[in-house]
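For reference, the structure is listed below as structure tokens.
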Amino acid sequence: MATWNSRGLRGSVLEEMINRTNEKYRDNGMALIQKIPTPITPINIDKETRHITLAYFDQKSTVDYIGAVQGIPVCFDAKESKSLTFSLQNIHEHQVQFMLDFEKQGGVAFFLLHYTQEDIMYYLRIDELKDFWDRAKEGGRKSFTFKELDERFIFPKHKGLLVPYLDMIQKDLDIRE
């Protein structure tokens, strides 16, 4: 049984940036993306602050966000890394399988990676992740480096949007054709 503690707050800055971007996209009629809460059962609650201090996950979560962009089903997960090497242990097999199945149904699945030390955002296509995943399963590296990533999917700085992922979805769709 997995438990929750303060480690669960990692990525909360990234998630807040994504949530604000999602609000702008929704307000402008461009996309409808929703944060999927991870179901938990509280074990300990601080009586003074009423904060949960210990809980366990009710079930395996799949992705952080799901919705539609101009009629296209979209799902994605947000991850952060302090270093330029990303450990695959931060991604779970059931997530990868869900995202692969999601794409088989005509959707677009990806990870938004934030390299915090360099303040670089990256759009990791599920196909690109699958290559790293398969390499690890075959006995290779259990991580990937920033240098291995496709430069086309590094986010440019963008005024007005914190995480302008719609541009990257368009790029992703363009290379599929």
Does a donor on one side chain and an acceptor on the other come within less than 3.5 Å for Asp174 and Gln170?
yes
Strictly by modelled atom types, are Asn22 and Tyr65 linked by a side-chain donor-acceptor pair under 3.5 Å?
no
[X] side chain near [Y] side chain, heavy-atom distance below 4.5 Å:
{"X": "Leu129", "Y": "Val96", "result": "yes"}
{"X": "Ile66", "Y": "Val74", "result": "no"}
{"X": "Arg135", "Y": "Arg141", "result": "yes"}
{"X": "Asp167", "Y": "Tyr123", "result": "no"}
{"X": "Ile72", "Y": "Leu173", "result": "yes"}
{"X": "Gln97", "Y": "Asp101", "result": "yes"}
{"X": "Leu149", "Y": "Phe144", "result": "yes"}
{"X": "Cys75", "Y": "Phe102", "result": "yes"}

Which pair of heavy atoms, one from [X] and one from [Y], lies closest together, and at what distance?
{"X": "Ala78", "Y": "Asp64", "answer": "N-OD2, 2.9 Å"}
{"X": "Phe86", "Y": "Ser81", "answer": "CD1-CB, 3.8 Å"}
{"X": "Lys35", "Y": "Asn19", "answer": "CB-OD1, 4.1 Å"}
{"X": "Met99", "Y": "Ile126", "answer": "CB-CD1, 3.7 Å"}
{"X": "Leu88", "Y": "Trp133", "answer": "O-CZ3, 3.9 Å"}

To the nearest 0.5 Å, how far apart are [atom1] in [X] and [atom2] in [Y]?
{"X": "Met121", "Y": "Thr116", "atom1": "CE", "atom2": "OG1", "value": "11.0 Å"}
{"X": "Gln34", "Y": "Arg26", "atom1": "CD", "atom2": "CZ", "value": "9.5 Å"}
{"X": "Leu124", "Y": "Met168", "atom1": "CG", "atom2": "CE", "value": "12.0 Å"}
{"X": "Gln70", "Y": "Leu32", "atom1": "CD", "atom2": "CG", "value": "11.0 Å"}
{"X": "Asp131", "Y": "Asp127", "atom1": "CG", "atom2": "CG", "value": "7.5 Å"}
{"X": "Ile18", "Y": "Ile33", "atom1": "CD1", "atom2": "CD1", "value": "10.5 Å"}

Quick one: does Thr21's side chain have a donor or acceptor within less than 3.5 Å of a partner on Val163's backbone?
yes
State plainly whether the residues [X] and [Y] are in salt-bridge range, i.e. N to O under 4.0 Å.
{"X": "Arg176", "Y": "Glu103", "answer": "yes"}
{"X": "Asp150", "Y": "Arg152", "answer": "yes"}
{"X": "Lys130", "Y": "Asp134", "answer": "yes"}

For Glu128 and Tyr122, run side-chain hydrogen bond (donor to acceptor under 3.5 Å, both in side chains): C-alpha distance rounded to whole Å, both residues' side-chain angles, the deciding distance at 0.1 Å, then the answer.
CA-CA 12 Å; Glu128 188 176 14; Tyr122 186 77; 2.8 Å; yes
Counting only heavy atoms not in Glu118, do more than 12 sit closer than 6.0 Å to its CD atom?
yes
NZ/Lys142: more than 12 non-hydrogen atoms of other groups inside 6.0 Å:
yes
Pair up each side-chain donor or acceptor in residues 104-115 with any protein partner under 3.5 Å, not counting sequence neighbours, and list the distances.
unit_1, atom_1, unit_2, atom_2, d
His114, ND1, Glu80, OE2, 3.4
His114, NE2, Asp119, OD1, 2.9

Salt bridge (charged side-chain N to carboxylate O under 4.0 Å, His left out) evaluation trace for Arg20 with Glu15
CA-CA 9 Å; Arg20 290 205 176 166; Glu15 287 188 1; over 6 Å; no
Are the ring centres of Tyr165 and Tyr25 closer than 6.0 Å?
yes
